[in-house]
*Asks:* 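Before I ask anything, here is the structure I am working with.
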Amino acid sequence: YNAFNDYFTHMVGDGVDFHNDTRPVTNLNGVYFTEAVTTDAIRWIREQRSMKNVTKTFAYLAHESNHAPVEVPMRYIEGDCAKNIPNTSRTRLILCGMMTAVDRSLANITAVYKELGIWESTIIIMSTDNGGNTDTGGNNYPLRGNKATSYEGGVRGVGWVGGGFITIQATRMQMIHVSDWYPTIVHGIAGLPVNISADGLPALDGLDAWPSIINGTPSARNEMLLELNPNFQKSSIGQAAIRVGKWKLILGVPCSWGERTLNYSCTACVTRNGNAHSTTIPFPVPAEYTPPFCPNGWVPPPESRHAPTGPPDENCKPEQPCYFSNSSYDDGNGTWLFNIEEDPYEYHNVYSQNPDMAALLRSRIDYFVNKAIPQQHPSKDPASDPKHFNNVWTPWQGDPNPEHCADPLPPPPPACAIGAMDPTAWGKPKPTDNCPFQGWCASEGYVGPSREVSFYLDGKLMETKLANVSRKIAGMHGFVFNVPCSTWLQGEHKITTDCACLPPAQGNYTVGSLCTQPSPARATKC
């Protein structure tokens with residue numbers, strides 16, 4: 001129900017905001033959200049495949065990543081992220097790990113479709129809801145602007161369509177709006193009729209974009225309302241924006257970051273935002289390491305070592321944020337007209353050269369203003385406080401469990417056991433063999449897919465693999481790592497195993513001359 005959910009506790013403020021349909025999920029505290037929803041998605045896919053009367057399925061998996069708060073287990077940062085992003089760009093480093101976790105999620109789900117023999121008839125759509133927020137490590141360069149602006153960096157989302165069913169490789173630049181996905185999936189892909197006026201409702205705004213995606217034909221869409229605040233003529237933070245063909249018109253202040261007199265305004269352009277986030281995992285992000293903030297300008301990735309670029313018509317001094325000139329704002333009802341085909345990065349406002357085109361687009365905005373349902377911004381209701389509902393965010397008016405959602409659901413998988421190292425399961429190597437370290441990655445009774453486990457020797461990642469060794473009680477969740485005796489150096493060494501949903505388990509081991517079975521104190525001699 002909220003935003004900024006903690007990825008590990010699944011809480012917002014003092015309440016849990018994690019539900020399976022209408023039922024709160026309270027037994028996965030500590031499990032990283034991306035991994036939790038991936039596990040359940042895989043369970044659902046297998047369950048559907050096991051049903052004899054199910055031949056076609058549709059799964060919608062809404063990852064919280066990449067959205068603040070910036071939190072991820074360290075194992076996703078190690079590797080490519082750590083190699084390519086400097087430690088001084090810590091927010092972006094964590095965000096890279098968050099995206100790596102999503103990428104791993106997709107890989108695991110893809111593997112299940114292939115295992116079940118249905119990959120060749122599967123279509124995967126990957127899409128986003130808006131541009132990245134540079135304030136929390138995102139990036140849209142070379143596009144202008146970021147999330148919560150009407151510039152291309154805020155409204156042009158990245159995405160792709162793939163899967164075993166798709167046999168072509170191509171880039172499509174046709175105009176597609178988020179509302180087009182529904183008729184594209186239902187009518188274009190599934191071949192089902194789309195009822196555009198059910199129960200007397202207005203016709204759908206969305207259009208079937210499948211011919212454009214699969215065949216490259218011209219888009220059926222020529223117009224997109226990008227933003228609409230009917231109070232834009234009077235509000236200093238209101239705005240409206242529309243795209244018609246190659247033209248885009250923005251009216252009012254072009255972003256939603258607050259009054260222009262504040263540092264966090266759409267006219268700010270600072271190398272560091274100077275406001276460290278309250279919670280960042282796995283390491284803190286002090287103010288001097290915070291990312292650049294320039295929602296009205298162009299912000300290259302920090303690793304590119306280029307400085308952020310402010311808007312071209314601003315008055316800027318190196319020691320202070322960059323602001324638009326007063327003439328650019330007028331009375332808060334500024335006008336920007338861009339030719340997106342010729343100027344995709346929105347460097348040039350051509351309003352004065354094309355007043356007739358601006359007037360035409362303005363008339364379309366007026367049309368939508370007249371049709372818009374008035375916005376409602378009710379005040380907070382103390383009765384909705386999660387403290388009234390066992391510290392769970394929940395509907396507080398009407399029936400929280402309507403009849404159509406009352407069917408029983410399978411319980412979520414149990415939380416993982418605490419501890420991954422198994423001191424009773426060490427092997428008995430010969431003097432010239434390996435020193436094996438064994439354990440498990442799931443609690444007894446867990447029936448989900450195998451967890452991923454990493455093995456560290458003195459803090460150095462040695463190997464990562466699935467914990468898919470059979471255990472008598474818990475199924476395929478055991479692991480064995482073999483360390484050759486020849487790699488050990490004299491002295492004490494630190495061993496760490498890190499499972500995908502467990503706190504790391506650690507132990508110290510003394511190295512001598514031979515590999516022998518460890519004592520109960522986990523001391524071994526090699």
Side-chain angles (χ1 to χ4, degrees), residues 66 127-159 173 175-178 223-229 232 235-260 262-270 273 291-301 306-314 316 321-325 328-330 332-352 354 357-358 361-362 364-365:
N66 277 354
S127 187
T128 185
D129 57 349
N130 47 249
N133 183 10
T134 60
D135 194 33
T136 53
N139 196 268
N140 310 298
Y141 192 79
L143 299 179
R144 181 178 185 175
N146 63 261
K147 176 181 177 177
T149 76
S150 298
Y151 295 117
E152 291 296 279
V155 300
R156 184 184 290 234
V158 296
M173 300 299 292
M175 193 182 297
I176 298 177
H177 188 260
V178 63
E223 178 182 81
M224 286 193 294
L225 182 65
L226 301 174
E227 187 144 12
L228 184 64
N229 180 349
F232 69 89
S235 172
S236 62
I237 61 171
Q239 60 278 324
I242 194 169
R243 170 85 181 269
V244 179
K246 64 181 181 180
W247 297 98
K248 180 202 283 188
L249 180 71
I250 302 175
L251 299 177
V253 179
C255 74
S256 302
W257 289 104
E259 300 291 342
R260 64 174 182 260
L262 300 177
N263 185 47
Y264 271 71
S265 71
C266 57
T267 54
C269 189
V270 293
N273 66 27
F293 184 71
C294 190
N296 199 31
W298 299 262
V299 181
H306 294 294
T309 304
D313 58 341
E314 64 193 356
C316 181
C322 300
Y323 294 91
F324 268 76
S325 62
S328 296
Y329 266 102
D330 297 326
N333 186 25
T335 303
W336 287 265
L337 182 69
F338 298 104
N339 184 329
I340 299 300
E341 289 186 1
E342 297 180 4
D343 181 26
Y345 308 143
E346 298 171 297
Y347 285 114
H348 308 290
N349 181 1
V350 295
Y351 165 64
S352 60
N354 301 273
M357 181 57 64
L361 269 63
R362 171 61 188 262
R364 293 300 298 160
I365 289 178

*Asks:* Tell me if a side-chain donor or acceptor on N140 pairs with a main-chain N or O of G145 at a distance below 3.5 Å.
*Replies:* yes
*Asks:* Measure from the side-chain N and O atoms of R362 to the backbone N and O of R364, and report whether any donor-acceptor pair falls under 3.5 Å.
*Replies:* no
*Asks:* I'd like to know if the side chain of E346 and the backbone of E152 have a donor-acceptor N/O pair within less than 3.5 Å.
*Replies:*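 Yes; judged by distance alone, with no hydrogens or angles, the pair exists.
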*Asks:* Backbone N or O of Y345 within a donor-acceptor pair of the W298 side chain at under 3.5 Å?
*Replies:* yes
*Asks:* What's the shortest heavy-atom distance between A241 and I250, and which atoms?
*Replies:* CB-CG1, 4.1 Å
*Asks:* Would you say D343's side chain and Y347's backbone share a donor-acceptor pair under 3.5 angstrom?
*Replies:* yes
*Asks:* Enter the distance from H177:NE2 to E223:CD here, rounded to the nearest 0.5 Å.
*Replies:* 10.5 Å
*Asks:* Write down the atom of E341, the atom of P344, and the distance for their closest heavy-atom approach.
*Replies:* O-CD, 4.0 Å
*Asks:* Where do K248 and L226 come nearest, in terms of heavy atoms and distance?
*Replies:*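 Smallest interatomic distance, heavy atoms only, reads CE-CD1, 3.8 Å.
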*Asks:* Could you work out, with side chain to side chain contact (heavy atoms under 4.5 Å, CB included) as the rule, every residue matching N354, not counting sequence neighbours?
*Replies:*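 Here the qualifying residues are W247, L337, V350, M357.
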*Asks:* State the CD1-CE distance between I340 and M175, to the nearest 0.5 angstrom.
*Replies:*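 Reported value, rounded in 0.5 Å steps: 9.5 Å.
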*Asks:* Check whether any side-chain heavy atom of I365 sits under 4.5 Å from a side-chain heavy atom of L228, and report yes or no.
*Replies:* yes
*Asks:* T134 versus Y141: any side-chain heavy-atom pair under 4.5 Å?
*Replies:*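 Answer no - side chains too far apart.
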*Asks:* Specify the closest pair of heavy atoms between G131 and K147, including all atoms of both residues, with the distance to one decimal.
*Replies:* O-CB, 3.3 Å
*Asks:* Where the side chain of N349 meets the backbone of T335, is there a donor-acceptor pair that is under 3.5 Å apart?
*Replies:* yes
